[in-house]
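Structure, as structure tokens:
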There are 2 protein chains.
Amino acid sequence: MKQEAITESTGYLLAHVCKTHRNKAGELLAAIDLYVGQEMFLLQLWQRDGLSLSEMAELVHVQPATASRMVGRLEAEELVKRRQDSEDGRVSRIFLTLKGRELREPVLDVWEELETISMANLTADERILLRRLLLQVYQNLKSGD
Amino acid sequence: MKQEAITESTGYLLAHVCKTHRNKAGELLAAIDLYVGQEMFLLQLWQRDGLSLSEMAELVHVQPATASRMVGRLEAEELVKRRQDSEDGRVSRIFLTLKGRELREPVLDVWEELETISMANLTADERILLRRLLLQVYQNLKSGD
DNA sequence: AATTTTTGTTTAGCTGGCTAAGTAAGTATA
DNA sequence: TATACTTACTTAGCCAGCTAAACAAAAATT
């Protein structure tokens with residue numbers, strides 16, 4: 001591969017767009033006192049309170065160690081509380097606090113704004129197309145060796 | 001915004017694809033003893049040895065603090081060395097070592113493999129289209145408020 | 001019933017990101 | 001010339017990622 005090819009590659013552009021997207025998300029979430037990624041945990045709990053830590057990790061697509069620490073931080077901010085499962089002493093269940101529940105609407109607003117900004121100037125067809133292409137890339141990466 | 005809309009949004013899919021891409025990159029780079037992102041610094045130095053730290057930060061699109069630390073790690077691994085500029089004592093210039101230069105081919109190979117995997121099953125037209133759509137998203141995020 | 005294996009979580013330690021603050025060199029102004 | 005301001009970099013401290021190891025509970029095996 002020629003050297004210039006890296007910075008001209010689609011993968012490089014993808015990484016760059018993503019970083020920009022993530023930074024924008026971080027900026028918008030900061031306004032409601034959340035760090036990027038935290039909202040994903042809350043999102044899952046709004047759908048189903050009391051998930052176990054490993055269920056959370058799986059749903060959010062992170063490792064259990066990451067989930068454990070992030071839940072720890074959410075707990076420290078009093079957005080969630082942890083309880084030991086009644087039937088399996090190893091299992092940690094995560095529950096929303098009132099404070100955590102109140103963040104639902106603001107988070108949805110943030111993501112709506114983020115999506116509106118990101119998808120501006122793209123027709124509905126282009127958005128569908130982008131999704132299809134991204135899904136193909138994802139499949140490739142998931143199965144590639 | 002409805003809650004399900006977040007996980008159905010293109011931004012969410014983008015983040016997910018990107019994380020997968022980054023993990024794949026990390027896996028491939030680990031085989032040549034590099035962490036994700038380090039190769040980007042080397043890439044710039046292969047093109048122009050002796051860049052200042054802030055030039056590096058700008059070219060790689062990170063903050064100077066990040067660049068400083070990452071260059072520190074590359075120096076610890078003896079891939080680069082730092083020298084004070086002869087005309088401006090504040091300026092730190094980064095030079096490749098022989099070891100750093102020898103990594104060029106392996107890095108190019110890694111990125112070629114990564115790109116091959118990522119773009120599999122996409123026609124040339126689809127790749128061009130993906131790039132165009134990603135660039136549009138990037139422009140949106142860069143100018144959006 | 002005792003032992004071994006598996007499972008769920010946590011902690012430690014590494015990484016690349018960021019912001020904020022600090023330090024020293026260079027430049028501009030009085 | 002002395003002082004004030006700007007610039008380049010570094011350090012400290014926060015974050016989300018990861019892997020590896022440790023620990024305890026549960027399940028499986030002997």
Side-chain angles (χ1 to χ4, degrees), chain A residues 15-16 18-31 33-42 50-77 79-80 82-94, chain B residues 15-16 18-43 50-77 79-80 82-94:
Chain A
H16 196 39
C18 230
K19 180 182 172 183
T20 309
H21 183 267
R22 189 177 173 90
N23 283 346
K24 190 70 190 179
E27 189 187 306
L28 296 174
L29 287 166
D33 291 314
L34 286 180
Y35 289 107
V36 181
Q38 289 185 323
E39 84 278 11
M40 293 301 164
F41 284 84
L42 295 172
L51 290 164
S52 73
L53 201 127
S54 50
E55 282 168 338
M56 295 271 275
E58 196 172 326
L59 289 166
V60 180
H61 302 288
V62 296
Q63 297 301 304
T66 304
S68 180
R69 191 169 56 183
M70 293 191 72
V71 166
R73 290 207 179 93
L74 289 173
E75 192 178 28
E77 294 292 321
L79 298 176
V80 304
R82 260 192 275 218
R83 295 289 179 266
Q84 194 176 38
D85 188 75
S86 50
E87 312 202 328
D88 185 337
R90 301 168 301 181
V91 174
S92 192
R93 292 205 172 274
I94 322 297
Chain B
H16 195 40
C18 232
K19 179 183 171 181
T20 308
H21 184 267
R22 189 177 173 89
N23 283 345
K24 190 70 191 178
E27 189 188 305
L28 295 175
L29 287 166
I32 55 174
D33 291 312
L34 287 179
Y35 288 106
V36 180
Q38 289 185 324
E39 84 277 9
M40 293 302 163
F41 284 86
L42 294 171
L43 189 66
L51 289 165
S52 73
L53 202 126
S54 51
E55 282 167 339
M56 294 271 273
E58 196 172 326
L59 289 166
V60 180
H61 302 289
V62 295
Q63 298 299 305
T66 303
S68 181
R69 194 170 57 181
M70 292 190 72
V71 165
R73 291 206 180 92
L74 289 174
E75 193 178 27
E77 293 291 319
L79 298 176
V80 304
R82 258 192 279 217
R83 294 290 180 265
Q84 192 176 41
D85 188 75
S86 50
E87 313 202 329
D88 185 338
R90 301 169 301 182
V91 174
S92 192
R93 290 204 175 274
I94 322 298

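Lettering of chains follows the sequences in order, A, B, ..., and the numbering in each one begins at 1. As a basis for the values below, the full set of heavy atoms in this structure was taken, side chains included, without hydrogen atoms, waters or symmetry mates.
Scanning atom types as modelled, no donor and acceptor separated by under 3.5 angstrom connect the side chain of B/R22 and the base of C/dG16. For C/dG8, the base has no donor-acceptor partner in the side chain of A/R93 [N/O atoms by modelled type, under 3.5 angstrom].
Residue B/N23 has its side chain nearest to D/dC18 when only D/dT10, C/dT9, D/dC18 are considered. Of the candidate nucleotides D/dC15, C/dT10, D/dT10, C/dT10 has the atom nearest to the side chain of A/P64. Of the candidate nucleotides D/dA25, D/dA16, C/dT10, D/dA25 has the atom nearest to the side chain of A/D88. Among the nucleotides D/dT11, C/dG17, D/dA16, the one closest to any side-chain atom of A/Q38 is D/dA16. Nearest nucleotide to the A/S52 side chain, out of D/dC9, C/dT9, D/dG17: C/dT9. The listed nucleotides are D/dA26, C/dG17, D/dC18; the one nearest the side chain of A/R90 is D/dA26. In this structure, the nucleotide among D/dT11, C/dC18, C/dT15 sitting nearest to the side chain of B/Y35 is C/dT15. Checking D/dC14, C/dT15, D/dA26 against the side-chain heavy atoms of B/R69 singles out D/dC14 as nearest.
Going from atom NE2 of A/H21 over to atom P of C/dG17 covers 18 Å, rounded to whole Å. With rounding to whole Å, A/R82 atom CZ is found 10 Å from C/dT9 atom P. The separation between B/R73 atom CZ and C/dG17 atom P is 10 Å, rounded to whole Å. Rounded to an integer number of Å, the gap from A/Q63 CD to C/dT9 C1' is 13 Å. As a whole-Å value, the separation of A/L74 CG from C/dT10 P is 13 Å.
Between the side chain of A/R93 and the backbone N or O of A/D85, no donor-acceptor pair lies under 3.5 Å.
Among the protein residues, B/S54 comes within range of the sugar-phosphate backbone only, with heavy atoms under 4.0 Å from sugar or phosphate atoms but none that close to a base. A/E58 comes within 4.0 angstrom of nothing in the nucleic acid, heavy atoms only. Residue-level contact check: A/A65 touches the bases, meaning some heavy atom is under 4.0 Å from a base atom.
Between the side chains of A/Q63 and A/T66, no donor-acceptor pair of N or O atoms lies under 3.5 Å.
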